[in-house]
A.B. asks: 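Provided herewith is a single structure, encoded as structure tokens, for subsequent inquiry.
Starting from 1, each residue takes its place in the sequence as its number. Just so you know, these numbers come straight off a predicted model, no measurement behind them.
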Amino acid sequence: MATDRPARNAVLERFEPLFNPRAIAVAGVSAKTISQGNTFIRNLREAGYQGAIYPIHPSESELEGLPAFPSLADTPTPVDYVFVAIGAEAVPALLRSGAGRVRIAQVMSSGFGANVGGRDLSRELTAAVQSAGMRLLGPNCMGTCSPRGRMNFIAGGVDAPGSVGVMSQSGGLSIDVLRHGRYRGMRFSGVVSLGNCLDLGPNDLLEYFLADPNTRVIGAYLEHVPDGRRFFEQLRAAQAAKPVVILKGGRSAQGQRAAASHTGSLASDDQIWRAMARQTGTVMVDTLEQFIDVLAAFETSEPLQVRPSARVVLFGNGGGASVLAADCMAQLGLEVSPLRPETVAALEQLGVPPGASLDNPIDVPANILQRERGGLARRILSTVGAHETPEAIVVHLNLPVILGYRHVDMLGDLMQAVIHVRSQMASRSRLLLVLRSTGQPEFEERRSECVCLAMQAGIPVFGQLSEAAHALAALHGHASFVQSRCQSTGTEIRSCPSYHTIGTATYAGQRSIA
């Protein structure tokens with residue numbers, strides 16, 4: 001791992017062609033149909049890519065309205081990035097033609113699998129890129145989504161650059177991450193589909209994302225890490241300064257068989273990964289939904305400047321939902337404990353009408369929440385913030401009930417109240433928002449508006465209280481690891497590395513994870 005500025009700069013420069021290529025060649029473009037190469041060029045245009053695009057074709061002179069060239073040796077300029085979607089047997093020769101003129105080749109083509117023919121092709125492909133002096137992404141991968149480079153491997157353009165960097169050994173799951181992330185209001189620094197990892201792999205992308213100043217949170221879907229020791233050592237050296245969230249495929253015997261058929265590699269034991277997570281402060285999740293939830297929570301959360309307490313205050317129109325949430329949080333090591341007597345006394349002074357519960361959970365029926373156009377909710381939350389320092393306040397709103405009050409914009413008023421309180425809490429407590437919906441279009445439309453508004457204000461949004469509970473448990477675990485490390489080194493928590501920096505200390509006794 002790069003630990004000094006020159007080394008980090010060298011890492012960033014090495015990966016610049018992957019995330020911000022100046023010229024792109026595309027092999028696999030057709031004049032007769034819409035092939036993968038055609039789609040790639042159209043996605044580039046929709047994303048607003050500004051560099052040169054060179055279609056590669058042995059006989060066509062023009063494709064997708066662009067001049068085409070017979071081989072990589074014939075492009076007007078060298079290329080930073082070549083997209084390859086042709087038959088597997090033809091790939092090595094194509095890449096050899098780009099010797100000295102291509103920096104990174106992304107091979108979407110499949111056929112480099114675990115059978116005898118696939119292994120032979122894999123060896124030939126590896127030899128071709130090595131002799132041509134280029135790096136290889138793939139094969140069998142979707143490529144790179146880079147908002148700053150204005151490139152994407154799915155339709156819909158790109159959003160503004162963000163702070164979440166994701167690598168995935170599944171192309172389909174990388175598409176899911178982009179689509180679910182957009183729905184959740186997440187913004188990415190980059191999403192990379194790794195494929196079979198014949199050359200560039202998890203260690204390389206981890207090194208890049210750790211060095212990248214634009215990436216604050218790292219996510220990884222992994223099935224196999226060829227050099228597990230290097231992966232572990234990078235995480236230990238980073239000291240959890242940037243949260244790393246891992247969704248590991250193949251942790252069961254059945255999952256390992258599936259991963260072997262998917263990538264041609266065997267996965268490692270779940271207990272090893274769990275041990276690695278404990279030693280490095282890495283966050284392990286079990287589902288794609290948890291992966292997205294936790295990344296969204298880290299994206300919006302700043303480091304706490306106080307000791308993480310695991311205390312949570314629940315506020316909303318929940319009733320039984322609050323009880324179930326308290327149970328879920330208890331199972332995850334979070335505390336929904338009673339408020340201090342002086343807090344309860346201060347809340348009672350607000351003149352809240354009968355029907356509300358002013359302990360923790362704080363349950364306030366919707367007919368009371370509507371009063372003062374959200375002002376009462378704002379005063380309740382502000383009072384809690386003034387008298388308590390929980391690790392988090394979780395606000396949960398039942399949208400079908402809230403939106404049933406059609407004579408007022410109760411949801412809009414409550415959103416403004418929540419955003420106001422979030423600005424007051426600074427880094428003393430986290431604020432998470434749960435917008436529960438039954439899925440009808442009229443509810444989802446308003447929910448989508450609120451998600452974007454909340455994320456812009458630094459508030460992660462969840463669909464259910466249980467989702468917020470798991471994300472909060474991940475935030476707490478990471479903060480506790482950082483706090484423990486600060487204590488072990490005698491460092492004040494305010495001086496510990498934040499998500500924006502990378503520590504340089506290393507530890508002894510490192511173990512391989514694969």
Side-chain angles (χ1 to χ4, degrees), residues 184-185 296-297 300-302 311-319 321-322 325 336 339 343-344 346-437 443 445-465 468 471-472:
R184 294 290 297 274
T300 55
S301 295
E302 298 177 359
R311 290 194 65 234
V312 182
V313 173
L314 293 172
F315 170 86
N317 61 322
S322 299
V336 184
L339 300 177
T343 307
V344 175
L347 289 172
E348 291 173 346
Q349 294 299 313
L350 298 179
V352 180
S357 172
L358 298 181
D359 205 337
N360 190 19
I362 303 172
D363 282 320
V364 184
N367 68 306
I368 297 177
L369 284 177
Q370 71 161 327
R371 302 190 182 192
E372 303 176 35
R373 297 200 57 180
L376 181 58
R378 179 181 306 185
R379 289 193 289 125
I380 292 173
L381 290 170
S382 294
T383 299
V384 171
H387 291 81
E388 303 271 347
T389 309
E391 185 168 341
I393 297 177
V394 178
V395 177
H396 56 102
L397 304 175
N398 189 335
L399 291 189
V401 174
I402 297 292
L403 294 175
Y405 288 76
R406 301 184 183 276
H407 63 289
V408 293
D409 182 15
M410 192 194 312
L411 181 58
D413 294 337
L414 290 173
M415 286 299 302
Q416 291 303 318
V418 169
I419 291 171
H420 172 78
V421 171
R422 166 65 177 80
S423 67
Q424 290 184 322
M425 293 169 62
S427 56
R428 294 184 299 110
S429 299
R430 311 185 192 281
L431 195 149
L432 288 72
L433 178 62
V434 178
L435 298 177
R436 294 185 290 135
S437 170
F443 301 148
E445 183 177 354
R446 285 303 305 275
R447 186 182 186 280
S448 180
E449 294 173 1
C450 292
V451 166
C452 292
L453 188 64
M455 289 291 283
Q456 291 171 6
I459 303 170
V461 184
F462 306 89
Q464 300 294 333
L465 279 158
L472 185 54

A.B. asks: For Glu391 and Ser429, which I'm curious about, is there any donor-acceptor pair between the side chains at under 3.5 Å?
C.D. replies: no
A.B. asks: Could you check if a side-chain atom of Leu314 sits within less than 4.5 angstrom of a side-chain atom of Leu465, using non-hydrogen atoms only?
C.D. replies: yes
A.B. asks: Any side-chain to backbone donor/acceptor pair from Thr383 onto Arg379? Under 3.5 Å, distance only.
C.D. replies: yes
A.B. asks: Given side chains that start at C-beta, do those of Leu414 and Arg378 come closer than 4.5 Å, heavy atoms only?
C.D. replies: no
A.B. asks: Under 4.0 Å between a side-chain nitrogen and a carboxylate oxygen: does that hold for Glu302 and Arg430?
C.D. replies: no
A.B. asks: Is Leu350 close to Leu347 at the side-chain level, that is, under 4.5 Å between some pair of heavy atoms?
C.D. replies: yes
A.B. asks: Within the 4.5 Å heavy-atom criterion, are Asn360 and Phe315 side-chain neighbours or not?
C.D. replies: no
A.B. asks: Main chain of Ala297, side chain of Thr300: is a donor-acceptor contact present, judged purely on distance under 3.5 Å?
C.D. replies: yes
A.B. asks: Would the distance check show the side chain of His420 and the main-chain N or O of Gln416 forming a donor-acceptor pair, the cut-off being under 3.5 Å?
C.D. replies: no
A.B. asks: Between the side chains of Gln464 and His396, does any donor sit under 3.5 Å from an acceptor?
C.D. replies: no
A.B. asks: Say whether, by atom type as modelled, one donor and one acceptor occur between the side chain of Arg311 and the main chain of Val336 under 3.5 angstrom.
C.D. replies: no
A.B. asks: Counting heavy atoms not belonging to Arg371, are there more than 12 under 6.0 Å from its CZ?
C.D. replies: yes
A.B. asks: I'd like to check Val434 versus Val395 (side-chain heavy atoms, cut-off strictly below 4.5 Å). Are they in contact?
C.D. replies: no
A.B. asks: Got a salt bridge between Arg446 and Asp409, using NZ or NE/NH1/NH2 to carboxylate O under 4.0 Å?
C.D. replies: yes
A.B. asks: Short question: side chain of Asp363, backbone of Asn317 - any donor-acceptor pair under 3.5 Å?
C.D. replies: no
